[in-house]
Amino acid sequence: MNDATTPDILTFGEAMTLFIAETPGDLAEVERFQRRIAGADTNVAIGLARLAFHVAWISRVGDDGFGTFIRRTLDGEGLDCRYLSTDTEHPTGLVFKERAEHGEDPKVAYYRRGSAASHLGVADMRDLDFQGVRHLHATGLPPALSPSTRELAFHMLERAHQAGLTISFDPNLRPSLWNSEAEMRETLNALAAHADWVLPGLAEGQRLTGLDNAHDIAGYYLDQGATGVIIKLGPEGSYVRTADDAGMVKGVAVSHIVDTVGAGDGFAVGVISALLDGCSPRQAAHRGNLIGAEQVQVVGDMEGLPHRARLRDLEAAHPLA
């Protein structure tokens with residue numbers, strides 16, 4: 001989708017070509033892979049587009065076959081790719097993922113250093129118009145990639161805040177991409193201070209704030225200015241805290257976990273879509289739990305993200321208690 005209509009939602013970050021092992025075992029032993037796409041920011045963008053939001057994606061891909069594949073895939077998912085540029089000097093990032101068994105987190109090997117998306121910067125948004133846009137979603141991945149992407153992240157959140165957009169922020173920690181733990185904490189907490197809705201996992205919140213429990217972690221971000229904090233608790237569900245409410249929202253039981261990657265992105269899709277649909281924070285957390293549970297039941301990082309008809313069926317089958 002590349003028409004001139006105003007997007008509902010802006011997202012930015014890195015999309016990579018993903019190769020998933022067809023069989024379990026160490027990557028050194030795998031001979032065949034399935035080609036997909038990966039990237040936390042694109043997973044959320046695709047999930048929101050499937051729910052009929054107009055989502056604009058800001059990024060770079062290389063002038064190579066992998067970049068062409070990503071562009072075609074995102075176009076096919078209905079994303080607005082007018083701000084997706086082709087970088088003729090740097091390649092598209094790649095990622096290889098093991099096929100895990102028994103619900104374990106799969107091992108992943110990234111080849112993204114010096115990628116086209118890591119050279120993304122403020123200049124890439126020079127034609128970006130925030131007028132009429134409703135929401136910006138950001139994660140902690142772009143600021144971890146390079147100094148230019150970090151500058152872009154702060155610039156995007158500041159511009160969005162000035163323009164009156166609502167902002168969601170998922171820390172999405174990748175400690176190996178940072179120079180130090182202190183740098184990671186300082187940068188991501190500073191970005192979270194620009195957000196209306198902060199969406200950490202419990203372990204992420206503990207690592208970023210030094211606090212132990214969901215209530216206190218949420219309080220930390222509320223004190224920074226957030227409207228609400230929704231903390232992912234895995235199979236147990238999620239914890240919601242706003243100025244007016246606080247409490248657990250029960251998770252959705254899953255009989256067989258296929259692939260845990262993308263569950264947090266599915267959760268973000270549920271929360272953001274519900275808030276934009278006018279739902280309450282608890283309803284948003286419940287939808288996040290539902291979509292996160294869908295995502296872990298399929299192979300791939302975003303293949304379980306539902307369209308509207310499937311979401312209606314899920315919410316009918318699993319009403320908020």
Side-chain angles (χ1 to χ4, degrees), residues 40 44 135-144 150 153-154 156-158 160-162 164-175 178 180-252 263-293 320-321:
V44 176
H135 188 83
L136 171 72
H137 178 65
T139 78
L141 282 168
R150 188 173 309 174
F154 278 101
M156 287 289 293
L157 269 70
E158 289 167 2
H161 182 73
Q162 292 167 2
L165 280 64
T166 55
I167 301 170
S168 54
F169 180 71
D170 182 344
N172 223 310
L173 297 191
R174 297 293 189 275
W178 293 90
S180 69
E181 186 89 5
E183 180 187 56
M184 179 179 73
R185 287 196 305 267
E186 180 181 351
T187 303
L188 297 187
N189 285 332
L191 286 166
H194 290 80
D196 300 287
W197 292 90
V198 184
L199 311 175
L202 179 60
E204 291 177 324
Q206 291 168 336
R207 197 162 182 171
L208 289 172
T209 68
L211 301 169
D212 291 329
N213 62 73
H215 182 83
D216 291 345
I217 292 166
Y220 175 90
Y221 291 111
L222 290 176
D223 288 343
Q224 281 194 311
T227 299
V229 183
I230 306 182
I231 299 175
K232 294 163 280 192
L233 303 175
E236 289 75 29
S238 50
Y239 179 84
V240 180
R241 186 175 174 189
T242 66
D244 304 316
D245 187 26
M248 283 279 300
V249 177
K250 187 178 178 181
V252 179
D265 304 327
F267 183 85
V269 170
V271 169
I272 296 164
S273 64
L275 292 172
L276 293 177
D277 284 346
C279 299
S280 71
R282 284 183 183 252
Q283 290 170 326
H286 179 60
R287 186 182 289 184
N289 293 343
L290 283 172
I291 297 181
L320 176 61

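Here the structure is a predicted model, which means the values were calculated and not measured.
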(request) Could you check if a side-chain atom of Val240 sits within less than 4.5 angstrom of a side-chain atom of Ile231, using non-hydrogen atoms only? (result) no
(request) First locate atom CZ of Arg241, then atom OH of Tyr221, and finally report the distance between them rounded to the nearest 0.5 Å. (result) 13.5 Å
(request) Flag the pair Asp170 and Lys232 as a salt bridge only when some basic side-chain nitrogen lies within less than 4.0 angstrom of an acidic carboxylate oxygen. (result) yes
(message) Would Phe154 and Thr187 count as a side chain to side chain contact (heavy atoms under 4.5 Å, CB included) here? Give the steps.
(response) CA-CA 9 Å; Phe154 278 101; Thr187 303; 3.9 Å; yes
(message) Can you tell me how far apart CZ (Arg282) and NZ (Lys250) are? Round to the nearest 0.5 Å.
(response) 14.5 Å
(request) Would you name the heavy atoms of Ile272 and Ser168 that are closest together and state the gap between them? (result) CD1-OG, 3.4 Å
(message) Taking the side chain as everything from C-beta on, heavy atoms only, tell me whether Tyr220 gets closer than 4.5 Å to Asn189.
(response) yes
(request) Could you tell me the separation between the CG atom of Leu320 and the SG atom of Cys279, rounded to the nearest 0.5 Å? (result) 10.0 Å
(request) In sequence, state the C-alpha distance, the side-chain angles, and the governing distance for Trp197 and Ile167, and then conclude on side chain to side chain contact (heavy atoms under 4.5 Å, CB included). (result) CA-CA 6 Å; Trp197 292 90; Ile167 301 170; over 6 Å; no
(message) Return the OG1 to CD1 distance between Thr209 and Ile217, rounded to the nearest 0.5 Å.
(response) 4.5 Å
(request) Using the side chain to side chain contact (heavy atoms under 4.5 Å, CB included) rule, take Leu191 and Leu157 through it: C-alpha gap first, then chi angles, then the decisive distance, then the call. (result) CA-CA 7 Å; Leu191 286 166; Leu157 269 70; 4.2 Å; yes
(message) Just to verify, which of Thr139, Ile230, Val229 counts as forming a side-chain contact (heavy atoms from CB on, under 4.5 Å) with Leu199?
(response) Ile230
(message) Under 4.0 Å between a side-chain nitrogen and a carboxylate oxygen: does that hold for Glu181 and Arg207?
(response) yes
(request) Taking all heavy atoms of Ala195 and all of Val198, pick out the closest pair and write down the distance. (result) CB-CG2, 4.3 Å
(message) Are Val249 and His286 packed together at the side-chain level, in the sense that at least one heavy-atom pair is separated by less than 4.5 angstrom?
(response) yes
(request) Begin with the C-alpha distance, continue with both residues' side-chain angles, and end with the deciding distance and a verdict on side chain to side chain donor-acceptor pair (under 3.5 Å) for Ser180 and Glu183. (result) CA-CA 5 Å; Ser180 69; Glu183 180 187 56; 4.9 Å; no
(message) For a quick test of reading the model, state the closest non-hydrogen atom pair linking Leu208 to Met184 and the distance between them.
(response) CD2-O, 4.3 Å
(message) Looking at every non-hydrogen atom in both residues, tell me the closest pair between Phe267 and Ala285 and how far apart they are.
(response) CE1-O, 3.8 Å
(request) State, to 0.1 Å, how close Glu204 and Pro171 come at their nearest heavy-atom pair, and which atoms those are. (result) OE2-C, 4.3 Å
(message) Just verifying a value: how many Å separate Met248 CE and Ser238 OG, rounded to the nearest 0.5 Å?
(response) 7.0 Å
(message) So does Leu211 get a backbone contact from the side chain of Gln206, meaning a donor-acceptor N/O pair under 3.5 Å?
(response) no
(message) Taking the side chain as everything from C-beta on, heavy atoms only, tell me whether Phe169 gets closer than 4.5 Å to Leu188.
(response) yes
(message) Can you give me the closest heavy-atom contact between Ala153 and Pro143, atom names plus distance?
(response) CB-CD, 4.1 Å
(request) Decide yes or no on side chain to side chain contact (heavy atoms under 4.5 Å, CB included) for Arg287 and Val271, but give the supporting numbers first. (result) CA-CA 6 Å; Arg287 186 182 289 184; Val271 169; over 6 Å; no
(request) Would you give the length of the straight line joining atom CG of Leu136 to atom OG1 of Thr166, rounded to the nearest 0.5 angstrom? (result) 8.5 Å
